[in-house]
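Atoms considered below: every heavy atom in the structure, side chains included; atoms not considered: hydrogens, waters and symmetry mates. Residue numbers begin at 1 in each chain, while the letters A, B, ... track the order of the sequences. Predicted model, so just to flag it, every value in this text is computed and none were measured.
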Number of protein chains: 2
Amino acid sequence: MEKPLSPRSAAKRTAMLDAAQACFLESGYASTSVDEVATRAGVSKATIYAHFASKDDLFGAIICRRCDDQAEGLSSLSLPDSSDARTILTAIAQRLMALFVSPEVMGIYRIVIAEAPRYPELAKTWYEAGPLRGKQRLCDVFDDMKRRGLLDFDDTRRTVDAFVGMLRGECFHRVMIELPPNPHFSAEATIETAVNFALKAFAPTA
Amino acid sequence: MEKPLSPRSAAKRTAMLDAAQACFLESGYASTSVDEVATRAGVSKATIYAHFASKDDLFGAIICRRCDDQAEGLSSLSLPDSSDARTILTAIAQRLMALFVSPEVMGIYRIVIAEAPRYPELAKTWYEAGPLRGKQRLCDVFDDMKRRGLLDFDDTRRTVDAFVGMLRGECFHRVMIELPPNPHFSAEATIETAVNFALKAFAPTA
DNA sequence: GTCTATAGAGCGATAGAC
DNA sequence: GTCTATCGCTCTATAGAC
């Protein structure tokens with residue numbers, strides 16, 4: 001399956017993928033032209049078609065590469081070694097929020113949502129490699145906190161789902177549709193509200 | 001500002017808007033051709049350009065019409081006349097969830113997100129007419145519940161934001177990217193989890 | 001106002017030289 | 001593998017008849 005590429009080819013391939021990613025995330029799939037990608041990558045259009053069968057194929061390669069990055073980023077995510085529920089939940093929420101509103105993640109999120117009806121397999125690949133794997137990891141953390149008596153809840157997956165959902169509020173939406181931020185719904189305020197909420201709802205019955 | 005249209009023209013205009021909405025929500029902005037809209041509306045392309053200055057203009061007209069519909073739909077939303085917090089919160093959550101996953105709302109949500117970077121004013125108009133107005137209405141309901149001693153919380157807007165966010169979890173995302181539903185994250189289960197959490201976190205200190 | 005017909009530009013993809 | 005040049009198609013938008 002692996003074909004040994006010359007160093008020169010590999011570099012061009014990376015340049016093409018980088019350029020394509022930037023174009024797709026900026027302008028969406030349909031509005032991006034292969035000419036534009038070629039120019040940005042410093043190669044000719046024919047070179048792109050020597051590496052990728054079609055524009056669709058190039059698009060798929062981008063999403064898959066992003067999925068690999070996501071998987072890597074998640075496994076290197078470290079949490080504070082604390083025995084205070086608030087400290088741990090706040091750290092989790094801060095990392096999640098920073099991830100959600102980062103330009104790269106936001107860009108891929110936008111385009112996957114937009115193109116999901118026409119690329120269902122790509123959307124599935126992305127969702128399983130990113131959000132689903134991330135939530136699985138959070139489940140492990142929550143289960144561990146439960147075991148240590150820091151939290152109490154019934155269904156781990158639903159609990160995590162609700163906690164993560166609380167971070168996708170006004171603040172997140174404003175970034176997503178590029179509206180100016182509302183100070184009342186800053187990232188910090190959203191995180192604090194979610195953590196307070198979770199601590200009250202999941203506090204162990206003393 | 002109002003130009004009196006002949007009944008025949010008005011009918012054609014509505015047909016064009018309906019067709020355009022269906023096309024845009026199905027295929028996205030860039031992938032929809034004016035020819036397609038014209039065929040679906042049963043008019044010629046030139047007729048479309050007689051009513052709308054450009055494809056952009058047509059797109060804007062669609063979003064604005066949807067905003068009006070949203071505003072209307074919200075004001076007619078009625079809630080049960082109950083004194084039980086769970087009953088009210090469940091009713092709210094059910095209506096919100098049904099709204100979120102409905103094809104029309106989901107379609108407009110997808111396209112606004114996708115095109116927001118290129119149509120910031122449209123995104124702002126939509127956001128203020130829909131989600132923002134809806135949340136304002138929810139704030140009134142929550143304030144009323146607090147006044148009646150059914151709930152207790154500090155900041156109404158942040159509380160509502162968190163509550164609504166919990167409904168945008170796995171279930172919502174699966175609909176959004178057209179993945180098969182996961183029975184463990186049914187709409188009912190998501191609603192129940194959110195309501196249970198809210199009741200625990202906002203229970204009045206007896 | 002509404003139609004048919006077409007202009008004019010840009011697109012994805014390919015042929016062929018090197 | 002990479003380039004230049006180009007094909008064939010589709011697109012938005014308009015001109016002109018009715």
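In this structure, NE2 of His51(A) is placed 12 Å from C1' of dC3(D), rounded to the nearest angstrom. Computed from coordinates, the Met16(B) CE to dG1(C) P distance equals 10 Å when rounded to whole Å. Distance Arg13(B) CZ to dG1(C) C1': 13 Å, rounded to the nearest Å. Between Asp35(B) atom CG and dT4(C) atom P the separation is 12 Å, expressed in whole Å. Rounded to an integer number of Å, the gap from CD1 of Ile48(A) to C1' of dT14(C) is 14 Å. When the C1' atom of dA13(C) is taken as reference, atom CG of Leu58(A) falls 13 Å away, rounded to whole Å. Spacing between atom CZ of Phe52(B) and atom P of dT12(D) amounts to 15 Å, rounded to whole angstrom units. When rounded to the nearest whole Å, the span between OH of Tyr49(B) and C1' of dG16(D) equals 18 Å.
Cation-pi geometry between Arg168(A) and Phe100(A) is met: the NZ or CZ atom falls under 6.0 Å from the ring centre, inside 45° of the normal.
Counting non-hydrogen atoms under 4.0 angstrom, Ser31(B) reaches nothing in the nucleic acid. Using a 4.0 Å heavy-atom criterion, one finds that Ser9(A) contacts the sugar-phosphate atoms exclusively. Within 4.0 Å of Ser33(B), counting heavy atoms only, lie sugar-phosphate atoms of the nucleic acid but no base atom.
The 5' end of DNA chain C is approached more closely, in terms of each residue's nearest nucleotide, by Lys12(B) than by the other of Lys45(B) and Lys12(B). When each of Ala46(A) and Thr47(B) is assigned the nucleotide of DNA chain C bearing its nearest heavy atom, the one mapping closer to the 5' terminus is Thr47(B).
For Phe59(B), the ring-ring contact (aromatic ring centres under 6.0 Å, His included) partners at least two apart in sequence or on another chain are Phe24(B), Tyr29(B), Tyr119(B).
The aromatic ring centroids of Phe202(B) and Phe197(B) lie 6.0 Å or more from each other.
Remark: the Thr190(B) side chain and the Thr193(B) side chain contain no N/O donor-acceptor pair separated by less than 3.5 Å.
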